[in-house]
Amino acid sequence: MIRCVIGAVLLVVAAPALADGTMPAAPYAYTQLENPAQEASAKALMETLRCLQCQGQSIADSDAPIAGDMRHQVRTRIKAGEDPEAIRGWLVQSYGDYVSYAPRVTAATWPLFAAPLVLLGLIGLILRRRLGKGKQA
Amino acid sequence: MIANLGLAALWFAAALAALQLLAGGMSLNKGGQALTGLVRPVAMVQGALVAVAFLVLLYLFSVTDLSVLLVAKNSHSAKPLIYKLSGAWGNHEGSMLLWVTVMGLAGAFLAMVERRLPERTMLATLAAQAFVSLGFYAFLLFASNPFTRLNPVPLDGLGLNPTLQDPGLAFHPPTLYIGYVGLSIAFSFAVGAMLTREVGPAFAKAMRPWVLGAWVFLTAGIVAGSYWAYYELGWGGWWFWDPVENASLMPWLAATALLHSVSVLASRNALRTWTIMLGVVAFSMSMLGTFLVRSGILTSVHAFAVDPTRGAFILILLAIYIGGALALFGLRAATISEGERFSVTSREGALVVNNVLLSATLGIVLMGTLYPLLAETLGAKVSVGPPYFNPMSAVFVLPMLVVLAVGPLLRWRRDDFVRVRKLLILPLAVTLGVGVMALISGMKLLPLLGMALAFGLALASLLPLKGRRLRTLRLPLIGMVLAHFGVAVALFGMAADAAFTTERLVAANPGDTVEVGPWQVKLEQVVPVAGPNWTALEATVQARYQGGKQIELHPQARSFWSPPQGTSESALSTRWNGQLYVVLGEVAEDGRWQLRLWWKPFVTLIWYGGLLIALGGLLAMLGHLSSDLRRIVAQDKIAYRRMKQGR
Amino acid sequence: MSEPAPTRASPWLLWLPLLAFAAFLALVAYGLRNPAPREVRSALIGKPVPEFNLPPALDGQPGLARADLADGKVKLVNIFASWCVPCAVEAPQLAALKAAGVNLVGVAIRDKPADLKIFLDRNGNPFSRIAADNVSAIQFQLGSSGVPESFVVDGRGVIRYQHIGEIRADQVPLILAEIERAAR
């Protein structure tokens, strides 16, 4: 009886928020894997995968159904023994680099990785000029 | 009617800004000397008028005046008063009005109290402040008018975004804005100094409290924002390297470098070019940040929904102000003679390294934030997130933390590293010890380094106190020690959160007990509750820490109707050694409730550490101001005595 | 204190910030004028559909597997759901495509059979097959990121074209052209 009341209130109350279907979340969207090491590995991967419909959130930080579905995929595949980087590769194959928060070194992203090196070079230059000169009192 | 008053006040303020610019600019020339007396009063009245405009906006929101378009779009009569008021700045136009209000009030305050600058530099500074304000007044009045009317008047407003209906909205934006718009004063100082070529210790002593004040607020604002996101978003994350977050971090990095630089210039007459450069860069980063957030050019959960034409307007302002200041820098900086020289191993040397590393970190954050935009122009869509930012910023931040440990111990001008080496043996041993322990326990690399450095740094930051008598300690020194210690505390919190957090996701029936870390958590019941403008399902959860005393928590899943949106209100229980974080999810088909539980050891130290940093800065600022005050009073006494004797 | 010999910072270093800013301005101005589209496109255009097997959405109708898409005929795979409002909006266009001879295959995302039946009764059923996908698995296989989306898959099971969002009336000729291109 209480459950019916709660259920009815839930529908009334939650209806505006239920925009994405009435089906429940995917099995592994909100359930952890039984093996802690696998769960830790899955969690680490999920924090670096981008939710496809959100405005800049990882799938580990979003309640959107598609994020839940992506978490389900990640956990299912980790449970089946797939390597995290292979899962990332599969998603990148389907969606391009957008879906991964870890940019790879490609023709389109090499400046990202060159930047720290350039900055280190600049630092060396500036420090040598500034500190190398003022040696005497 | 009142709305029109607010608009009129805004126009008058803008007109006065124009007058301030003209008078200040012309009084720098020989012919315009007569206008000198005009500049300060005009600045003060301008500040008062823009404050009136802002108060009018607050009033309109507090009474939900629906004849004003902004109120109709962003407010609702059923909202609690605090959210009506803080909702005034929870939208684009209102927050831009807050921006110009802080600028105007800061300029007015500057005009009122600043007496230490040479007159010409002061006038140039006020003129520069007016110049920058004018552009933003124009943006407000022509492209983002907060006082636009609506006819016919609707029955009620659209309401405020539910995730913003939280006390965080009352704290985070105002402190943040006082911080990074307060840096406009430093920008104006830098421009004023470049125009009048007055870059010396006197200039730096005048600029220092303004920089410190803005920086303290900026630090507190970022800490507030991080904590707000942490408890509001429902997943326990406290920093996401989101473009809007980075937009607040970049001015902070520049301002931190600036406050160190200006201190060196004030006490040792060195680092002149650095100080001017950083003064320009800090506020430039603030303006850049506000552009990124409002132009729609980068995707973010925190971004305002604005159209690109407004973005173009701000971009033009950026081009004029930042381009102009940087061009001035290129022209004038070469003729600013460098100050005193110093050797590599000296406090100045350490501070140069500090500046350089902070600037490099700023460069990395800027690069990572803008890169998706750059890649899009090349036709590729990439995402840059924590897997890039964390290691890349660590490359520069970790060495900087080492310098932070050593630097305050070095003497000015020239020191011997052997002397300092002895002092650092204990912190180094502690760092290595903790590092080895962490390695054995299997911690990942970055948290390991953070943890080890946190302990070593905590000890090293206290070393400057060694050998000094407590009673003779001056406030600036205490402030420095506290702020550096705060860095170590925050670092420890970050490392602990990354390494020791336990997460449990469960589907529970009422009566089930779940274990998360040292806690036993029992779901009692889930009942509907109602609030002023929302309804919710509230869970009653009973938790015991290692079988101890029972506490009750009430996480909620809320539904608002105006606008129709749901939020999840997490329930937190804070202990000395961490936080229990409980979130209520949705109900599954079999009637079980989804619960998300975290045990986060020492996570609150992240924000306590941040507040310690801000407090340290506050103490340093008060210390400098009080010694200035004492000096001024002493000088007045001497002058008075001389005057009496001369009679 | 003796007058220190002025050590000037190198001029090019001083102009570096302005240059960097100019580059930033150029980049951002370009980005403002040519905003990139917000949607995420599939990276599998031109690649074969990966292996998958979905159960039927309604009793009495067949499900969908990869083999069904590689049977020699061009198909239009429509990813939809009864709770998705634009899907109802594109129903007339799907009917028009079916009338033009297109073989339509549907995948219902996160749908209950009862809701799906109501949706099809109300908007018509142009599909030869309807599969049920409750965990959006097909979307990850095809590179789709939302509903509704339509994919032109040729006879060999290679994805030839992706249409994001509902098919509007003026876009029907475009779809037909893509289907024809895939048939060649």
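Throughout, protein chains are lettered first and strands after them, A, B, ... in sequence-line order, and every chain is numbered starting at 1.
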Considering only heavy atoms, which portion of A:Ser100 lies under 4.5 Å from any heavy atom of chain B: side chain, backbone, both, or neither?
-> backbone

Honestly, the part of B:Arg504 sitting under 4.5 Å from a heavy atom of chain A is both

Quick one: which residues of residues 74-89 of chain A reach chain B at under 4.5 angstrom, heavy atoms only?
-> A:Arg75

Heavy atoms of A:Ala60 and B:Trp235 approach each other most closely as O-CE3, 3.1 Å

Looking at B:Phe396 and A:Leu120, what are the two nearest heavy atoms and their distance?
-> CE2-CD2, 3.7 Å

By a 4.5 Å heavy-atom criterion (distance strictly below it), what part of A:Ala25 contacts chain B: side chain, backbone, both, or neither?
-> neither

Ranking A:Gly56, A:Pro111, A:Cys54, A:Ala115 by heavy-atom pairs under 4.5 Å to chain B gives rank one to A:Pro111

Most heavy-atom pairs under 4.5 angstrom with chain B, which of A:Thr109, A:Thr48, A:Leu122, A:Thr106?
-> A:Thr109

Can you tell which of B:Ser383, B:Ala588, B:Gly385, B:Ala380 has the highest number of heavy-atom pairs within less than 4.5 Å of chain A?
-> B:Ser383

Considering all heavy atoms of both residues, which atom of A:Trp110 and which atom of B:Tyr371 are nearest to each other, and what is their separation?
-> N-OH, 4.3 Å

Pick from A:Leu127, A:Ile126, A:Ile123: which one makes a side-chain contact (heavy atoms from CB on, under 4.5 Å) with B:Val353?
-> A:Leu127

Where the side chain of A:Gln55 meets the backbone of B:Thr299, is there a donor-acceptor pair that is under 3.5 Å apart?
-> no

Tell me, out of A:Asp97, A:Asp61, A:Leu112, A:Leu119, who's got the most heavy-atom pairs with chain B below 4.5 Å.
-> A:Leu112

For the residue pair B:Glu503 and A:Glu39, what are the closest heavy atoms and their distance?
-> OE1-OE2, 4.3 Å

Assert top hit (heavy-atom pairs under 4.5 Å, partner chain A, pool B:Leu374, B:Leu298, B:Asp242, B:Val382) equals B:Val382

Given the options B:Val384, B:Leu378, B:Thr345, B:Leu357, which has more heavy-atom pairs under 4.5 Å with chain A than any of the others?
-> B:Val384

